[in-house]
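All values derive from a computational prediction rather than experimental measurement. To find a chain, count down the sequence lines: A is the first, B the second, and so on, and within it residues start at 1.
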Amino acid sequence: MSDVIQLDHLTKSYDRFELRDISLTIKEGFITGLIGPNGAGKTTLIKMMMGMVYPDQGSISMFGQNNQLSQAAAIKERIGYVSDESIYYEHLTVKQMRAIIAPFYPRWDQDTYMKFQELFKLPPGKKIKELSKGMKIKFSLAIALSHGADLLIMDEPTSGLDPVFRREMLELLSEHIQDEKKSILFSTHNTTDLDRIADYIVFINDGKIIFNEMKESLGEQYLLIKGGKELLDRDVRRWFVGIRENGLGFEGLISNRAEGERYFKDTAICETPTLEEIMYYTVKGSEAHV
Amino acid sequence: MYSSLHLIRKDFMLTRKFLLLMVPYYLLMGYLNAEAYTVFSLFPALLLLINSCTIDMQHHNQKFLVTLPVPRQRLILAKYLMLIPFSLFSLICTLVLYVFAFKIGKLDAPLRWRELGLTTAIFPLIASFYLPVYYWLGQKGMQIVNMVFMLLVMLNFSALTSLSESYPDLALWIKSGKFDNALLVVIGILAYLVIIYGSYLLSLRIFVKKDI
């Protein structure tokens, strides 16, 4: 199993934000979800992979090649990019925009594009600016899937989509990944999407990677505890990644499931947390009291 | 190299509507001031360049460009190569205007082709100053820069006249085609090429490592 993306000690500083020493690998043949709250650094990380933003330090390898200027074009031929912002020329029609993009990709497949145009009900004569946000995402997706990309990089692709198409899109991505040479990196803060389809989860918060794990292994690692406040003392509180208290009791996340089960099994409710709960309690940390 | 052609094609597709606007422009200008036809080879070319650059800058479109499988160097090169078709477009339109005005008797003098050539050649020179500023400023401040460059172009005609006055050799060449000082011509051509190439290198330096 090879790595389709390898980030090595990346740093990037802005006035009010910093990506700190990011090292990360994305496996070929899987769907990897990139999660984190707004402003955590997901989009900056993706922009670095796409060559829009340059790291201050560190290196990026894609498909085993260093993503330097000389190789960037060959690498990008193999990447389909879907952004949550409309990056296309707004005054052009869908057809004109397609006509601009297609010649840049040697593996462009017009039949595939037409199939997706029909499936997504994309009106070829309509201007990009007249499309809804969901339709713009569909157009981006149709483009990304029509040039034989080995890697799809998607930045918040499900935002602005209706629930029906959202499900359809997730199914489409699951089908796409059946070819084991294809990989998908999918950033979102809607973790229910990833609960459905992701194989790996990368969690980024405040410019740092919190974890990069198989989704299944998170359930073996984390435990959500719900119980009465009398169970909490100063030492017990330290076990929690994050904790939320109210008048009735507490709810908290523990990152050592075995230890949590041993201690709380008979006195509290122990559940496997969802991705959203892991994200919520990790972000809030020990300051998650309400 | 094909990607440069695709990028040039892209610029023509983006400015297609603007190209159509050139028809009434040439008709109007030909009607109002046909005598000054030589300057019409400069205005539209610059308008087209500004238009294509502005469109590339709007609505995150530069992000689209850098996601294409094209090195950033090629994006810059294509913009500079684009100066040739824009110049040719303006030159051809001006020639058509001249022929038309000549046929209907609005113009009776022979074509001032040297003056026309010189005016056309000024466009890449102006673009050499415009493009690095465009890549440097990005979306911020572009409107101001566009206005400044448009004003510069409007002043161009009088500048050309005063240039001819300051350099009698140049005036002589425009009128008669005679030019005594060959060295000056060579220096002038070299300086012209150096400015354009220097501008290209400067744009590369600004844009290649710029965060979009």
For [X], does the [atom1] atom sit with more than 12 other heavy atoms under 6.0 Å from it, leaving out its own atoms?
X	atom1	result
I144(B)	CD1	no
F18(B)	CZ	yes
Y197(B)	OH	no
K95(A)	NZ	no
K106(B)	NZ	yes
R205(B)	CZ	no
Q57(A)	CD	no
W108(A)	CH2	yes

Atom pair [atom1] ([X]) and [atom2] ([Y]), whose distance is rounded to the nearest 0.5 Å:
X	Y	atom1	atom2	result
K47(A)	T67(B)	NZ	OG1	12.0 Å
F64(B)	I143(A)	CZ	CD1	8.0 Å
I87(A)	L68(B)	CD1	CG	8.0 Å
R9(B)	F104(A)	CZ	CZ	8.0 Å

Minimal non-hydrogen separation, [X] against [Y], with atom names:
X	Y	result
R72(B)	G51(A)	NH2-O, 2.7 Å
P71(B)	A73(A)	CD-CB, 3.7 Å
P103(A)	H6(B)	O-NE2, 3.3 Å

> Are M50(A) and K63(B) side-chain neighbours, meaning at least one heavy-atom pair lies under 4.5 Å?
Replying inline: no
> Are any non-hydrogen side-chain atoms of L14(B) and H91(A) less than 4.5 angstrom apart?
Replying inline: yes
> Of the backbone (N, CA, C, O) and the side chain (C-beta and beyond), which part of L92(A) lies under 4.5 Å from a heavy atom of chain B, both, or neither?
Replying inline: side chain
> Where does Q96(A) contact chain B at under 4.5 Å (heavy atoms): side chain, backbone, both or neither?
Replying inline: both
> Between K76(A) and V66(B), is there a donor-acceptor pair closer than 3.5 Å when you use the side chain of the first and the backbone of the second?
Replying inline: yes
> What option among I55(B), D211(B), I212(B), D56(B) has the most heavy-atom pairs under 4.5 Å with chain A?
Replying inline: D211(B)
> Which of the residues Q58(B), K10(B), K17(B) is involved in the greatest number of heavy-atom pairs with chain A at under 4.5 angstrom?
Replying inline: K10(B)
